[in-house]
Structures are given as C-alpha cells and as structure tokens.
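Some notes on the structure that comes next.
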Amino acid sequence: MAEPRKRTVRRKKDPNAPKRALSAYMFFANENRDIIKSENPDVTFGQVGKLLGERWKALSVEDREPYDAKAKADKRRYESEKELYLATKQT
DNA sequence: TCCGTGATTGTTACG
DNA sequence: CGTAACAATCACGGA
C-alpha cells in the first residue's frame with residue numbers, strides 16, 4: 001500500500017503549522033555537506049546526494065547517535081511550537 | 001484502545 | 001524558484 005509520497009509541494013493544513021522537526025539525516029547532512037564537499041568538491045548533488053545516503057547508513061547506529069541525538073533534540077524545539085500551535089489554535 | 005497517514009526537514013546543483 | 005534522490009520522523013488525528 002502506501003500512496004506516492006508527495007515530496008515537496010507540502011500542503012499546509014494547520015493555522016500555525018508547527019512544521020514538525022528536522023530529521024537525523026538533516027543533522028548528518030549538515031556535517032556531510034561540509035565533509036563530503038570538502039573531500040569531494042567535484043562531486044555534485046548527483047554524486048554527493050546519493051553517496052550521502054549510502055554512507056549515511058554505512059555508519060553504525062552509534063554513529064547516528066550524534067545525528068539521532070540532534071534529531072530528537074530538534075524535535076524538542078518543534079515540541080514547543082507544537083504546544084503553542086495548539087494553544088493559539090484555540091478551538 | 002489502536003492504527004496508519006500525512007506532513008516536514010535539510011543538502012547539493014541546475015535550468 | 002522548485003525539483004529531484006537520500007533518509008528519518010513521529011505527532012496528529014480518526015475509527
């Protein structure tokens with residue numbers, strides 16, 4: 001099952017839209033963009049993009065720790081807006 | 001009570 | 001300006 005995930009063109013539906021939180025990949029990508037491009041200034045999205053995800057998991061779960069840690073850390077940020085969103089939401 | 005879904009997040013690079 | 005692979009997420013609402 002699973003319908004075609006419509007990436008981009010994210011449709012808004014909430015008044016304040018708490019925009020959930022980032023993902024471990026985003027934190028990891030933040031470092032990769034720095035490293036990968038630093039070690040592969042020639043590789044472009046075509047290479048980095050794919051290469052990124054490949055080694056992303058290539059790491060060990062413990063390697064994701066810092067990324068995953070930030071992932072939930074960022075979610076924490078979203079949590080605050082979420083609460084405010086629900087607050088301002090006011091039925 | 002329980003589940004699935006949708007919405008979102010950020011990178012790079014280009015026309 | 002938006003899109004595209006790449007991956008995670010995970011909170012919310014509905015039945």
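Computed from a predicted structure; not experimentally measured. Order of the sequence lines fixes the chain letters, A, B, ..., with proteins taken first and strands second; residue numbering starts at 1 for each chain.
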Look at the side chain of A:Ala29 and decide which nucleotide, out of C:dC6, B:dA13, B:dT11, has an atom nearest to it.
B:dT11

For A:Asp42 and B:dC14, what is the distance between atoms CG and C1' respectively, to the nearest whole Å?
17 Å

Side-chain donor/acceptor pairs under 3.5 Å, residues 39-59 of chain A, sequence neighbours excluded:
{"residue": "A:Asn40", "atom": "ND2", "partner": "A:Ile36", "partner atom": "O", "Å": "3.0"}
{"residue": "A:Thr44", "atom": "OG1", "partner": "A:Gln47", "partner atom": "NE2", "Å": "2.7"}

Heavy-atom contacts under 4.0 Å between residues 48-59 of chain A and DNA chain B, which residues?
none

Could you tell me which non-hydrogen atom of A:Glu81 sits nearest to which non-hydrogen atom of A:Lys19, and how far apart they are?
OE1-N, 3.7 Å

N/O (side chain, A:Lys82) to phosphate O (OP1/OP2, C:dC12) under 4.0 Å
yes

Taking five pairs at each terminus, the helix from B:dT1-C:dA15 to B:dG15-C:dC1 shows an axis bend, to 10°, of 60°

Closest-nucleotide 5' rank along DNA chain C - winner of A:Phe45 and A:Met26
A:Phe45

Nearest-0.5 Å distance that lies between atom CE in A:Met26 and atom OH in A:Tyr67
13.0 Å

Examine distances only and state if a side-chain atom of A:Arg64 and a backbone atom of A:Val61 form a donor-acceptor pair shorter than 3.5 Å.
no

Give the table of side-chain donor-acceptor pairs shorter than 3.5 Å for residues 70-78 of chain A, with sequence neighbours excluded, one pair per line with atom names and distance.
{"residue": "A:Asp74", "atom": "OD1", "partner": "A:Leu22", "partner atom": "N", "Å": "2.7"}
{"residue": "A:Lys75", "atom": "NZ", "partner": "A:Glu79", "partner atom": "OE2", "Å": "2.7"}
{"residue": "A:Arg77", "atom": "NH2", "partner": "A:Ser80", "partner atom": "OG", "Å": "3.2"}

State which residues pass side-chain hydrogen bond (donor to acceptor under 3.5 Å, both in side chains) with A:Ser38; sequence neighbours excluded, sorted by chain then number.
none

Polar pair under 3.5 Å, donor/acceptor by atom type, side chain A:Arg33, base B:dT12
no

Each nucleotide N or O in nucleotides 2-4 of chain B that has a protein N or O under 3.5 Å away: list the pair and distance.
none

Between C:dC6 (C1') and A:Ile36 (CD1): distance, integer Å
11 Å

Between C:dA11 (P) and A:Leu84 (CG): distance, integer Å:
17 Å

A:Asp63 (side chain) donor-acceptor with A:Ser60 (main chain) under 3.5 angstrom:
yes

Is it the case that C:dA8 (base atoms only) and A:Ser23 (side chain only) share a donor and an acceptor within less than 3.5 Å, ignoring hydrogens and angles?
yes

Between C1' of B:dG10 and NZ of A:Lys19, the distance in whole Å:
14 Å

Considering non-hydrogen atoms only, spot the tightest contact between A:Pro18 and A:Lys82 and give its length.
CB-CA, 3.7 Å

Those residues of residues 61-81 of chain A lying under 4.0 Å from DNA chain B by at least one heavy atom
none

